[in-house]
Amino acid sequence: MLVYNTLTRKKEEFKPINPPNVSMYVCGPTIYDYFHIGNGRTFVMSDIIRRYLIYKGYDVKFVMNLTDVDDKIIRKANEENITSAELTERYEAAFMDDIKKFKMKPADVYPKATNHMQEIENIIEKLENKGIAYNVDGNVFYNVGKFESYGKLSGKNTDDLEVGARIEINQEKQNPLDFSVWKKAKSGEPYWESKWGDGRPGWHIECSAMSMKHLGETIDIHAGGNDLIFPHHENEIAQSEAATGKEFAHYWMHFGFLNIDKQKMSKSLGNFFTARDILNQYPAEALRLLFVQSHYRSPLNFSRELIESAQKGTEKLNNLIRLLLKGIDKVDGSEVEVDYENKYKLFTEAMDDDFNSAKATSVIFDFVREANKLIVENKNLNSEFYQKAVTFLRATAEDVLGIIDFNEFNIDDANTDDSWILEEIEKRNKAKYDRNWKLADEIRNSLADKGFILEDSKNGTSYKMK
RNA sequence: GGCGACGUGGCCAAGUGGCUUAAGGCGCGGGUCUGCAAAACCUGUAUUCAUCGGUUCGAAUCCGAUCGUCGCCUCCA
């Protein structure tokens, strides 16, 4: 299996440190607001990578942090006249709702910075003892010049950075590129006690501490959005590796942006949709299909038109699933040969190549056509055909990609009383028999208004939810 | 200014040296089925991969130039 590593800018053979265990850390949101659909892409794609690793037999420990100390949080809490903790509590709950709607598998741990103050302090102390971090009146900075491979992830060198520096001049820093690991408390800000006095941690150090605490000093995969490469991940490497003397993460994975009109979707530009708005309008499967149909590292343009075309794609999948579930209990019927071995192979080959989900998805759709065709051509297939088809789709499209959800189908049958619909269908059949097309169409239209679509076939009329 | 990514059909998008005279989804045209529709299936939709030049027996794929788009260098998934 090949994984593209931002650190080396190459696809590398994936070799976990301690197979079958895999440790994976993904930089999650700052919980000061609802996250937008661009953040959602990163979260969903990291979910799919995790699921595929599980499919491959790995035992994945998946950690996604929530940043709950930060300037934006403090500002917004002040605006609303509530505490930072009250604000983050609200948006943490919203985050959990949203990822659930996205049908993401919950992380093993969702660590928060405020619960890791001791670990953070320990790392800073180590850095200070090694002469890499320095304290200026309660503000502690990381001396970038002391870490010789600084810039190895982002491909930047310190000279270039200084030339183009748009960094504010801070008299306390020894070098303009140095960054805060501990910020002295200002009035009106939340603070924690430390050996340097009251203050709060810098953003980058939080992730270093939480990753080490929950996954160890060296982990397999560290992932996040493309914009985190510099400075966030670069600084995490500098701090962690300087503190431990060990490599921090073996594989660095970064997700492409979701764009609107070719521009990065972002809070600051204001060109965003919140994930929750979009998820209220479209099924999670449609969004996931949209994401999965392009490569995780490429930028992806976002528009309603594109979600809607993805939604049509999921409907095609769902139509097949209905047919499969209908046939699964059949006892008799003819046998048919389907080369599943090859399909699993193609799916796996695609995903093994740096998670080429677009190609993997094409294997699914090829199968959809083949299965539909078999069902039409041999109207009486045996149950084995249906079972194997369901097994294949569950293993790939559902468990790995999450672009279908079999649970959505079982619920209707069990809980709703559909006898009145069947009566309507019966009335319509009679009308059809009497060649009373007007009445037949009226019945069909009235059912459609209530959200039920009728489908006539050789085997009779069935309905589906709109 | 420095660093990086990208430009494939009407839209989205895979493919990065011969298996591809370019997957898959959506759309559109024609057909099968149907009372009609829906669904499904069949079929047609790029002699061509931004442009120009080069390397090669062979290039969308490698090299160079040109044009265009985007990102990072500041909080940001």
Check every atom of B:A23, B:A77, B:A14 against the side chain of A:Ser362 and return the nucleotide holding the closest atom. B:A23
Which atoms form the tightest heavy-atom contact between A:Asp399 and A:Arg51, and what is the distance? O-NH1, 3.0 Å
Residues A:Asp108, A:Arg50: salt bridge by 4.0 Å N-O rule: yes
Expressed in angstrom and rounded to an integer, what is the separation of A:Leu290 atom CG from B:C11 atom P? 17 Å
Check: A:Phe35 ring centroid to A:Tyr91 ring centroid under 6.0 Å: no
Expected string for nucleotides 33-41 of chain B under the B/S/- scheme (protein heavy atoms, under 4.0 Å, primed atoms plus P, OP1, OP2 as sugar-phosphate) is --BBBBSSS
Give me the distance, rounded to whole Å, that separates B:G27 from B:G64 when you measure between the C1' atoms they each carry. 39 Å
Take atom C1' in B:G9 and the same atom in B:U45, then report the distance between them in whole Å. 8 Å
Would A:Arg297 and A:Asp354 pass as an ion pair if we require N to O under 4.0 Å? yes
Quote, to the nearest angstrom, the P distance that separates B:C6 from B:U43. 35 Å
List for me each residue that meets ring pair (Phe, Tyr, Trp, His ring centres under 6.0 Å) alongside A:Phe385, sequence neighbours excluded, and say none if there are none. none
Base-paired stems in RNA chain B, each at least three Watson-Crick or G-U pairs under 3.5 Å: B:1-7 with B:67-73, B:10-12 with B:24-26, B:27-32 with B:40-45, B:50-54 with B:62-66
Side chain of A:Leu306 only, please: which of B:C12, B:A77, B:G24 is the nearest? B:C12
Can you tell me how far P of B:G25 sits from CG of A:Leu289, to the nearest Å? 10 Å
In this structure, how many angstroms lie between the P atom of B:C11 and the CG atom of A:Leu300, rounded? 16 Å
Could you check whether A:Ser298 gets within reach of a base, just the sugar-phosphate, or nothing at all, counting any heavy atom under 4.0 Å? sugar-phosphate
Just how far, in rounded Å, is C1' of B:G24 from CZ of A:Phe365? 8 Å
When you measure from the side chain of A:Pro231, which nucleotide among B:G2, B:A23, B:U74 comes out closest? B:U74
A:Arg304 has an atom CZ; how far is it from atom C1' of B:C11, in whole Å? 17 Å
Rounded to whole Å, how long is the line connecting atom OH of A:Tyr4 with atom C1' of B:A5? 9 Å
Sugar-phosphate, base or nothing in reach of A:Phe35, heavy atoms under 4.0 Å: nothing
Identify whether any heavy atom of A:Gly256 sits under 4.0 Å from a base atom; if not, whether one sits that close to sugar-phosphate; answer base, sugar-phosphate or nothing. base
Side-chain donor/acceptor of A:Thr42 to base of B:A77, under 3.5 Å: yes
Are side-chain N/O atoms of A:Asp456 and A:Thr461 paired as donor and acceptor at under 3.5 Å? yes
For A:Lys430, is there an ion pair with A:Glu426 - N to carboxylate O distance below 4.0 angstrom? no
For RNA chain B, whose closest nucleotide is more 5', that of A:Asn226 or that of A:Glu305? A:Glu305
Side chain of A:Lys267, base of B:C75: donor and acceptor closer than 3.5 Å? no
Base, sugar-phosphate, or nothing for A:Gly38, non-hydrogen atoms under 4.0 angstrom? base
Tightest non-hydrogen contact, residues A:Arg41 and A:Tyr296, listed as NH2-O, 3.8 Å
Below 6.0 angstrom between ring centroids: does that apply to A:Trp252 and A:Tyr25? no
Rounded distance in Å - OH (A:Tyr32) to C1' (B:C75): 8 Å
Counting heavy atoms from C-beta on, name the nucleotide in B:C26, B:C73, B:A23 closest to the side chain of A:Lys312. B:C26
At 4.0 Å (heavy atoms only), tell me whether A:Leu258 reaches a base, stays on the sugar-phosphate, or touches nothing. base
Are A:Tyr52 and A:Tyr55 close enough that their ring centres sit under 6.0 Å apart? yes
Give one of base, sugar-phosphate or nothing for A:Phe255, where a contact means two heavy atoms less than 4.0 Å apart. nothing
Does A:Glu335 CD have over 12 foreign heavy atoms under 6.0 Å away? no
B:A13 and B:U20: how far apart are their C1' atoms, nearest whole angstrom? 16 Å
At under 4.0 Å between heavy atoms, what does A:His36 touch on the DNA or RNA strands: base, sugar-phosphate, or nothing? base
Quick check: on RNA chain B, is the nucleotide nearest A:Glu308 upstream (toward 5') of the one nearest A:Thr30, or the reverse? Name the residue that is more 5'. A:Glu308
Out of B:A23, B:C11, B:A77, which nucleotide sits closest to the side chain of A:Met265? B:A77
Under 6.0 Å between ring centres: does that hold for A:His222 and A:His254? no
Given B:G24, B:A77, B:A13, the nucleotide with the shortest approach to the side chain of A:Asp366: B:G24
Reckon A:Asn356 has a side-chain N or O less than 4.0 Å from the OP1 or OP2 of B:G15? yes
Distance between the C1' atoms of B:A40 and B:A77, in whole angstroms? 40 Å
Suppose you measure atom C1' in B:G53 against the same atom in B:C12; what distance do you get, rounded to whole Å? 32 Å
Rounded distance in Å - CG (A:Asp261) to P (B:G68): 20 Å
Are A:Phe179 and A:Phe141 close enough that their ring centres sit under 6.0 Å apart? no
When you compare B:G7 with B:C62, how far apart are their P atoms, in angstrom units rounded to a whole number? 11 Å
Tell me what A:Leu228 touches on the nucleic acid: a base, only sugar-phosphate, or nothing, going by heavy atoms under 4.0 Å. sugar-phosphate
What interatomic distance, in whole Å, is found between C1' of B:C42 and the corresponding atom of B:U51? 39 Å
